[in-house]
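Here's the structure we're looking at; comments come further down.
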Amino acid sequence: MSEQYDVVVIGAGPAGYHAAIRAAQLGMKVACIDAALGKDGKPALGGTCLRVGCIPSKALLDSSRQFHNLQHLFGEHGISAKDPKIDVKTMVGRKDKIVKQFTGGIAQLFKANKITAYYGFGTLHAGKKVVVKQHDGMDVELVGKHVVIAAGSDSIELPFAKFDGKHVVDNVGALDFEAVPKRLGVIGAGVIGLELGSVWKRLGAEVTILEAMPDFLAAADAEAAKVALKEFKKQGLDIKLGAKVSKAEVKKNEVHLTYNDGKSDQSLVVDKLLVAVGRKAATKGLLADDSGVKLNERGQVEVDEHCKTSVDGVWAVGDCVRGPMLAHKGFEEGIAVAELIAGLPGHVNLDTVPWVIYTEPEIAWVGKTEKQLKDEGVPFKTGSFPFAAVGRAVAMGEPAGFVKVIAHEETDRILGMHLVGVNVSELVHEGVLAMEFHGSAEDLARICHAHPTLSEAIHDAAMAVDKRAIHKAN
Ligand code: FAD
Ligand code: NAD
């Protein structure tokens with residue numbers, strides 16, 4: 001006997017729980033399946049984001065930032081503390097408490113929205129049937145009028161550096177070190193490498209990041225990447241570009257790495273190794289041979305612009321499909337699919353999905369980089385403004401970074417905004433909003449911004465597009 005639902009969602013991460021809750025709000029009978037267990041061995045909803053991604057990493061970034069500021073920045077405010085110490089157990093415990101609060105929160109939301117949660121692994125078969133291998137050993141069959149695949153992603157493992165959970169880890173291990181490693185090696189200077197590398201560096205680890213590509217943060221604006229790299233180097237993060245790792249051997253509690261720096265083989269010995277070389281769609285065991293759902297050449301579930309798969313009534317959202325692997329992109333896709341199922345309009349504009357890297361300074365952007373526009377042959381003009389000339393940023397002791405607005409040469413329409421600096425994770429949304437409303441640099445320049453705020457950097461950068469910034473020479 002199978003249980004019948006209007007919508008069966010596989011995966012209760014950001015994409016899946018948004019789809020489930022919105023579908024339930026729209027009056028549908030919804031089931032949501034998730035296989036994940038929390039640190040306590042009990043089912044935990046919320047996906048990578050809440051368990052081992054966005055939220056725990058930001059908790060540790062915040063703890064380590066407080067410690068670092070106390071040690072290095074509070075002095076100039078006249079604040080001193082004798083011999084500050086970090087208790088890693090307490091810090092990780094605080095992170096775990098936050099994770100539990102939020103994963104439990106999803107369970108509460110499911111209850112409040114009358115969504116049935118199934119705890120186990122789901123496999124999609126023909127006829128929109130999902131067989132769930134539940135943790136209690138009982139298999140259950142669910143049939144949905146619609147099925148939403150929101151299976152998320154897993155870390156990519158390197159063949160010569162297999163995760164052992166102790167010496168060679170991915171994000172899961174690096175969020176749970178029991179003590180500050182003396183020497184931390186990181187493979188990959190991407191988002192995870194920079195964020196988690198920063199956490200342990202601020203707490204006292206010697207951090208070496210080995211990046212295969214010759215360019216730093218190639219997806220970001222080149223000027224933003226350059227400014228950020230300079231700041232990271234000042235902080236003591238040792239970032240080696242063009243470093244190709246070929247070996248990682250665990251010997252006597254150490255990891256011995258061999259990499260080529262473009263000239264010759266080099267060696268590096270560390271106590272822990274974080275491998276952060278990207279993530280891949282989590283499709284293992286997800287699709288039975290008769291499911292009819294196609295994968296693309298990258299192993300992601302193939303979807304059209306409305307998140308429809310190759311099977312009518314089967315949708316896919318979030319990290320397991322094309323587009324940026326970001327929680328908020330998954331949120332929007334989950335909502336859009338639920339609304340489309342209900343016969344409402346549902347749409348996600350992948351061109352205005354903001355990116356944020358939560359380092360110090362933060363890096364954020366929306367829209368195109370100068371390089372992308374040059375490659376596409378789009379004529380553009382730019383205006384930049386440094387935080388060093390923004391009263392609020394200097395008063396906060398945070399003068400690093402800048403804002404750059406890129407606008408179309410002829411129409412003045414905003415094509416991109418790139419920010420490096422304090423709290424730019426919040427500021428970038430002014431760019432998102434302007435782009436969604438098809439705004440121009442002049443629109444931003446004519447909008448009154450409160451003084452003194454960090455957002456004045458956006459105002460002056462927009463004015464600088466027309467060479468009329470007030471607080472700098474144009
Ligand atoms: P997931 O969150 O991966 O959720 C999928 C869920 O489905 C999982 O719980 C999984 O167990 C379950 N599942 C999979 N297959 C099955 C199956 N067959 N049966 C049952 N259950 C199944 N993004 C941001 O936007 N901002 C950040 O600051 C940020 N920080 C990050 C930090 C780290 C360390 C990492 C690793 C990621 C971070 N991300 C961040 C990315 C973000 O976590 C992902 O983009 C987001 O979680 C994707 O959501 P999702 O719902 O598609 O998948
Ligand atoms: P990433 O794609 O951001 O970075 C991976 C880096 O590893 C790249 O710079 C790549 O060139 C490098 N690399 C790949 N293979 C390598 C090798 N063999 N040797 C050395 N370097 C190598 O991936 P990630 O940091 O693992 O993060 C995965 C995804 O998770 C991100 O792309 C992002 O979508 C998401 N995430 C987002 C946030 C955020 O929004 N703040 C935070 C963490 C993770």
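All values reported here derive from a predicted model rather than from experimental measurement. Order of listing sets the numbers, starting from 1, for every ligand and every atom in it.
- In terms of N/O distances under 3.5 Å, ligand 1 is approached by Gly122.
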May I have every N or O pair linking ligand 2 to the protein at under 3.5 Å, one per line with atom names and distance?
{"unit_1": "ligand 2", "atom_1": "3 (O)", "unit_2": "Val191", "atom_2": "N", "d": "3.2"}
{"unit_1": "ligand 2", "atom_1": "9 (O)", "unit_2": "Glu211", "atom_2": "OE1", "d": "2.6"}
{"unit_1": "ligand 2", "atom_1": "9 (O)", "unit_2": "Glu211", "atom_2": "OE2", "d": "3.3"}
{"unit_1": "ligand 2", "atom_1": "11 (O)", "unit_2": "Glu211", "atom_2": "OE2", "d": "2.6"}
{"unit_1": "ligand 2", "atom_1": "21 (N)", "unit_2": "Ala212", "atom_2": "N", "d": "3.1"}
{"unit_1": "ligand 2", "atom_1": "23 (O)", "unit_2": "Gly278", "atom_2": "N", "d": "3.4"}
{"unit_1": "ligand 2", "atom_1": "25 (O)", "unit_2": "Val191", "atom_2": "N", "d": "3.3"}
{"unit_1": "ligand 2", "atom_1": "25 (O)", "unit_2": "Ile192", "atom_2": "N", "d": "2.8"}
{"unit_1": "ligand 2", "atom_1": "26 (O)", "unit_2": "Gly278", "atom_2": "N", "d": "2.8"}
{"unit_1": "ligand 2", "atom_1": "34 (O)", "unit_2": "Met325", "atom_2": "O", "d": "2.6"}
{"unit_1": "ligand 2", "atom_1": "40 (O)", "unit_2": "Val356", "atom_2": "O", "d": "3.4"}
{"unit_1": "ligand 2", "atom_1": "41 (N)", "unit_2": "Glu195", "atom_2": "OE2", "d": "2.8"}
{"unit_1": "ligand 2", "atom_1": "41 (N)", "unit_2": "Val356", "atom_2": "O", "d": "2.7"}

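- Neither side chain, Thr369 nor Asp221, offers a donor N or O lying under 3.5 Å from an acceptor on the other.
- Side chains of Val255 and Asp271 form no contact here, defined as non-hydrogen atoms less than 4.5 Å apart.
- Heavy atoms of Ser153 found under 4.0 angstrom from ligand 1 belong exclusively to the backbone.
- Residue Ile192 places no N or O, backbone or side chain, under 3.5 Å from any N or O of ligand 1.
- A donor-acceptor pair shorter than 3.5 Å cannot be found between the side chains of Thr208 and Glu206.
- Within a 6.0 Å sphere centred on CE of Met396, heavy atoms belonging to other residues, nucleotides or ligands number more than 12.
- At under 3.5 Å, not a single nitrogen or oxygen of Tyr358, backbone or side chain, sits near a nitrogen or oxygen of ligand 1.
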Which pairs of donor and acceptor atoms, one on a side chain in residues 241-248, lie under 3.5 Å apart (sequence neighbours left out)?
none

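- A salt bridge links Asp176 to Lys95: at least one charged side-chain nitrogen sits closer than 4.0 Å to a carboxylate oxygen.
- Inclusion of Cys49 in the set of residues having an N or O under 3.5 Å from an N or O of ligand 1 is warranted.
- Annotation for Lys308: atom NZ does not count as buried by contact number, only 12 or fewer foreign heavy atoms lying within 6.0 Å.
- For ligand 1, the atoms lying closer than 4.0 Å to a non-hydrogen atom of Lys58 are 27 (C), 28 (O), 29 (C), 30 (N).
- Taking any N or O of Pro14, backbone or side chain, at least one lies under 3.5 Å from an N or O belonging to ligand 1.
- Heavy atoms of Leu326 found under 4.0 angstrom from ligand 1 belong to the backbone as well as the side chain.
- Below 3.5 Å of separation, one finds no N or O of Leu175 facing any N or O of ligand 1.
- In this structure, Asp40 pairs ionically with Lys100, as a charged nitrogen and a carboxylate oxygen lie closer than 4.0 Å.
- Within the 4.0 Å heavy-atom criterion, the part of Ser57 lying near ligand 1 is the side chain and not the backbone.
- In this structure, Arg183 pairs ionically with Glu254, as a charged nitrogen and a carboxylate oxygen lie closer than 4.0 Å.
- We find that Asp62 and Lys58 are not joined by a salt bridge, their nearest charged nitrogen and carboxylate oxygen being 4.0 Å or further apart.
- Note on ligand 1: Lys329 sits outside its first shell, no heavy atom being nearer than 4.0 Å.
- In terms of N/O distances under 3.5 Å, ligand 1 is not approached by Leu196.
- Some N or O of His328 is nearer than 3.5 Å to an N or O of ligand 1, by distance alone.
- Distances from atom 24 (C) of ligand 1 to the heavy atoms of Ala174, Ala327, Ala15 show the closest one on Ala327.
- Looking at Val52 against ligand 1, only its backbone comes within 4.0 Å, counting heavy atoms.
- Of the charged side-chain nitrogens involved, at least one lies within less than 4.0 Å of a carboxylate oxygen, so that Lys240 and Asp238 count as a salt-bridged pair.
- Ion pairing of Arg322 with Glu333 is present here, as a side-chain N (NZ or NE/NH1/NH2) and a carboxylate O approach within less than 4.0 Å.
- Not a single heavy atom of Gly330 sits under 4.0 Å from any atom of ligand 1.
- For the ligand labelled ligand 1, residue Thr283 lies outside the 4.0 Å heavy-atom shell.
- A salt bridge links Lys404 and Glu223; the closest N-O separation between the charged side-chain nitrogens and carboxylate oxygens is under 4.0 Å.
- Using a 4.0 Å cut-off between charged side-chain N and carboxylate O, Lys133 and Asp139 make a salt bridge.
- Among the atoms of Met325, some N or O lies under 3.5 angstrom from an N or O of ligand 1.
- Glu195 and Arg65 are not joined by a salt bridge, as no carboxylate oxygen comes within less than 4.0 angstrom of a charged side-chain nitrogen.
- Summarising the contacts of atom 53 (O) of ligand 1 with Ala12, Gly152, Gly16, Pro324, the nearest heavy atom is found in Gly152.
- Contact between Gly334 and ligand 1 is absent, with no heavy atom of the residue lying under 4.0 Å from the ligand.
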